[in-house]
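Working notes, structure below.
Fair warning: this is a prediction, and the values are worked out from it, not measured in the lab. Per chain, numbering begins at 1; letters A, B, ... match sequence-line order. Hydrogens, waters and symmetry mates are skipped; everything else that's a heavy atom, side chains included, is used.
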Amino acid sequence: MSQTKTPPVVLVDGSSYLFRAFHALPPLTTSKGHPTGAIKGVISMLRRLEQDFPGSKVVVVFDAKGKTFRHDLYEDYKANRPPMPEDLAIQIRPIHEIVEAMGLPLLIIPDVEADDVIGTLATEATAKGVDVVISTGDKDMAQLVSDHVTLINTMTETRMDRDGVVEKFGIAPEQIVDYLALVGDTVDNIPGVTKCGPKTAVKWLQQYGDLDNLMTHADEVKGKIGDNLRDAIEHLPLSRELATIRTDVDLHFGIEEVSPEPEHREQLLKLFQEYEFKAWIAEYSGDGEAPDSADDTQSATTPEREYETILTDEQLDAWLEQLGKAELFAFDTETTSLRYSEAEVVGVSFAIEPGKAAYLPLAHDYMGAPDQLDRDTTLAKLKPLLEDPKHKKVGQNLKYDKNVLANHGISLEGIAEDTMLESYVLNSTATRHDMNSLALKYLGEKTISFEDIAGKGAKQLTFNQVDLEKAAEYAAEDADITLRLHQVLRPQLRDTGRLDAVYRDIDLPLVPVLSRMEQRGALIDASTLRQHSQELAERMAELEQEAHEEAGESFNLGSTKQLQAIFYDKMGLPVIKKTPKGAPSTAEPVLQELAHEHRLPRLILEHRSLSKLKSTYTDTLPELVSPRTGRIHTSYHQAVTATGRLSSSEPNLQNIPVRTEQGRRIRQAFVAPEGHKLVAADYSQIELRIMAHLSGDKGLLGAFERGEDIHRATAAEVFGVTVDDVSSDQRRSAKAINFGLIYGMSAFGLSRQLEVDRKTAQDYIDRYFHRYPGVLEYMDRIRKQAHDDGFVETLAGRRLYLPEINARNKQMQQAAERTAINAPMQGTAADIIKRAMVTVEDWLLAEHADDARMVMQVHDELILEVRESALEVICRGLEERMSGAADLKVPLLVEAGVGDNWDEAH
DNA sequence: AGGGTCAG
DNA sequence: CTGACCCT
């Protein structure tokens, strides 16, 4: 190492490492599939440099996009470079972000290649008596080496000073440019001397000293290679110029003005989490307020774990006392089943500070299980704490815990924080929001999985059969991790736009509302459904027999593979569409088309639709009736969709058929109990109204204010007729246009929907935007915002990140653009109905606990069971509260219907 | 555009 | 896991 007083300046050739890291390292990706190998390679290289050169200024230089002066000198410069792989291109921006968060100066100078920036800064620094280390993977840089400039290849851990250059190349640094000109470079498309490789070039330079002298004595070189040299003489000066790294670029700043900043720890942590660099997450997480001067890196790592298993009354009392005093504690239940409606508590766990947690086992009942505290008496002892809203709890999906505790007569209150919702609001699509994923992403920790302790497959144990010691470790960890997750997520939520308000005012208050809806369940008429199943089975048998006769052979009507064989191989029907894998499609629209000419597709279609109804609804719904309550209890998922909507499963109550008569018979099986009616209240055209509000388009606002039939009004504008003259066909087209707008439609999509050609569809769209220019402006604005910010927002500030919006792949980019258009509208509608649900529930509980209860939500619709005597007042109050859930520039119209069953209520 | 479920 | 089909 050279002996100098001041530490050297380190100039990093970022671009050269980018390519090397990308090709040398395994193709690492995040759990979401974002490639990260190059990011990790480049960043770990920088971190190593920072360590290896303590006190040094580390400057990171990247090539800018676009042409440089070398392209002006020689138009074919770099013409042979293949385009940058997509997987590499999308790693560049993250690297820049991380470098900036590390506080390192990042230089990307337009029109100047990184080499020339480095050459210029190196020359300036050495002139001022400061030594320079250039970190690069590119051997061309050897030309810059001098007594005060050395190269280091951080990936191979090799350093090269003047002697090193001579040793490696056989020539001095000053001769490197001439050497490069002679050898040429195929990738950069720099022509050299044909057949002249490194050996010849070095031989010549050793003999003649430099390129000029060699060219004057070109006649002396013998043989074919001599001819090649003479042929090349004309272009060699150009090649030399191209190979020469500039040391005199006017950068408009000096090396002294380039200075590092302190690292932004929070930003760094966030980026490491985003790209899932576990070790670095662990290094930077800790308590979040870690001092910048972390001499001791241990201070920022995982806390010491101190887990206790509570088996005695003394232990329990000690914990209860601590929990009673805690400002906030983490809480988790372990149960016999994932289905809340039949789950019983097996144990509960708590954490009061990171690393300090306890498991209270109550019902482990395998052979030889240790004695535990009695479940019922212990739960009774916990009840006051759990039911007191002043004792604040944080949990992971506390709705589940609340439901399970309800099975034991405990009403969990004080749901102050929920890490699943924190993560969801922070970024709905970055991760799955289960605890294991969150621990990995935000804490960099791999947690014990349920399978680890309970096994998998048929031999999987239920929690009460799990060995108590293992269970205690697992359960206490859950509480501990939950608390630590909250400490990491809370500041991020506060620091990001209006996300904290979305979390605190919309999603969190909804938890108890959904919990109660789930617990109430919905009433269905199971015997009618069973009867319906019978009828469907009979009709399906008929269809099956007819289809077999038609096909001339027996086959499985449900098998697309067999259908393909019969339609396309045996009958030779035309292939209208293919599946993504290239097989001929048998999708509904295709069969619809084929049905014009043939009987078989018609039969298949009917059979399919009946079979779907039977298997999904008429057979399944009766089986899901809880023996305990006689009702069906769905699960609403609050952290699944990208846009902020809820989803529903087991059963999915949000896709009960409505379109066909057969389908509506299923809705008819959703009934009101004795003395009650079902009330179904839905927001009319909520997404279009939101579009009117967000865009502020005069025409659209006016139509809604006047209470017009919006599709009819659209048709009148687009087709240039009066509202009264709109034909039913025109209205149908206008409806499709309006839907298309909400979905961020393309002319292609609309043409397919309306079965018109692309040009006609484009014409409709043009006419629409001409008539509603505010909408066009709004869509352009949103698209631009999405590109600039990488996310879009709902009215309340809920964000949807769109990492693919700047993808190279045009298809992916366009899909992201459509989502950008759709998400603010769909998401705002979701925010509004969530708010409405909280308001309605509060009102009903306070004033009409015996008259009405909310039982279902279907995106823009709420379904209530209402006592017949209270119908009038409930309908009025419900409409009022739903309409009032948002203050838009247009009225929010709510239409409520009443009936004995769900179908009738529409 | 966003979901869940079923059969194969 | 995919294709098909149910919903807003």
Side-chain angles (χ1 to χ4, degrees), chain A residues 428-429 540 555-565 577-592 604-621 623-624 634-660 662-664 666-667 680 682-688 690-691 736 738-746 749-750 753 779 782 792 794 798 800 802 814-830 833 856-863 902 906:
Chain A
S428 63
T429 53
M540 282 166 64
F555 68 102
N556 183 343
L557 277 71
S559 161
T560 46
K561 223 170 145 197
Q562 292 183 33
L563 271 182
Q564 281 159 7
K577 216 185 100 187
K578 291 193 171 179
T579 65
K581 277 213 239 147
S585 167
T586 61
E588 201 251 14
V590 175
L591 264 49
Q592 208 68 263
I604 300 294
L605 278 173
E606 190 182 348
H607 184 272
R608 257 196 205 161
S609 85
L610 298 186
S611 146
K612 178 76 182 178
L613 291 181
K614 182 169 185 292
S615 62
T616 313
Y617 305 106
T618 61
D619 285 351
T620 314
L621 287 175
E623 286 175 23
L624 291 171
T634 187
S635 290
Y636 289 104
H637 307 284
Q638 225 179 331
V640 169
T641 72
T643 53
R645 274 189 178 179
L646 299 178
S647 77
S648 151
S649 69
E650 267 192 310
N652 181 354
L653 290 183
Q654 297 179 319
N655 70 346
I656 304 297
V658 71
R659 238 180 42 220
T660 63
Q662 285 294 326
R664 278 195 299 278
I666 293 161
R667 288 208 165 204
D682 69 308
Y683 284 107
S684 164
Q685 309 295 354
I686 187 167
E687 288 178 0
L688 280 176
I690 290 165
M691 187 168 85
N738 281 332
F739 263 90
L741 286 164
I742 294 169
Y743 296 157
M745 150 187 81
S746 60
L750 184 65
Q753 183 71 32
M779 306 228 155
I782 287 287
V792 291
T794 66
R798 184 189 300 279
L800 174 59
L802 299 162
Q814 280 168 3
E817 285 183 356
R818 286 195 288 276
T819 306
I821 301 282
N822 173 259
M825 297 189 258
Q826 191 183 114
T828 300
I833 197 165
M856 293 190 276
Q857 189 254 40
V858 189
H859 306 311
D860 64 355
E861 174 183 10
L862 296 179
I863 294 99
W902 191 4
H906 267 276

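Nucleic acid contact for A:N556: sugar-phosphate only, since backbone atoms but no base atoms lie under 4.0 Å from a heavy atom of the residue. Within 4.0 Å (heavy atoms only), A:G744 reaches no atom of the nucleic acid at all.
Scored by the salt bridge (Lys or Arg N to Asp or Glu O under 4.0 Å) test, A:E861 finds no partners at all (sequence neighbours excluded). Taking the salt bridge (Lys or Arg N to Asp or Glu O under 4.0 Å) definition, one finds that A:R664 meets it with A:E661, sequence neighbours left out. Residues that satisfy the side chain to side chain donor-acceptor pair (under 3.5 Å) test with A:Q857, not counting sequence neighbours, are A:Q654. Residues meeting the salt bridge (Lys or Arg N to Asp or Glu O under 4.0 Å) test with A:R645, sequence neighbours left out: A:E687.
A 4.0 Å heavy-atom criterion places the boundary nucleotides of DNA chain B facing chain A at B:dA1 to B:dG8, written 5' to 3'.
Summary of the strand contacts: A:T643 and A:E650 both lie near DNA chain B, and taking for each the nucleotide with the nearest heavy atom, the more 5' one is attributed to A:T643.
Smallest separation of non-hydrogen atoms from A:Q662 and A:L613: CB-CD1, 3.7 Å.
Of the N and O atoms on the side chains of A:S648 and A:T634, at least one donor lies less than 3.5 Å from an acceptor on the other residue. Defined by atom type and a distance below 3.5 Å, a donor-acceptor pair is missing between the side-chain atoms of A:S609 and A:R659.
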What is the per-nucleotide protein-contact pattern of nucleotides 3-8 of chain C, from the 5' end, where B denotes a base atom under 4.0 Å from a protein heavy atom, S denotes such proximity for sugar-phosphate atoms only, and - denotes neither? SBBBSB
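Considering CZ of A:R818 and CG of A:L802, their distance stands at 12.5 Å, rounded to 0.5 Å.
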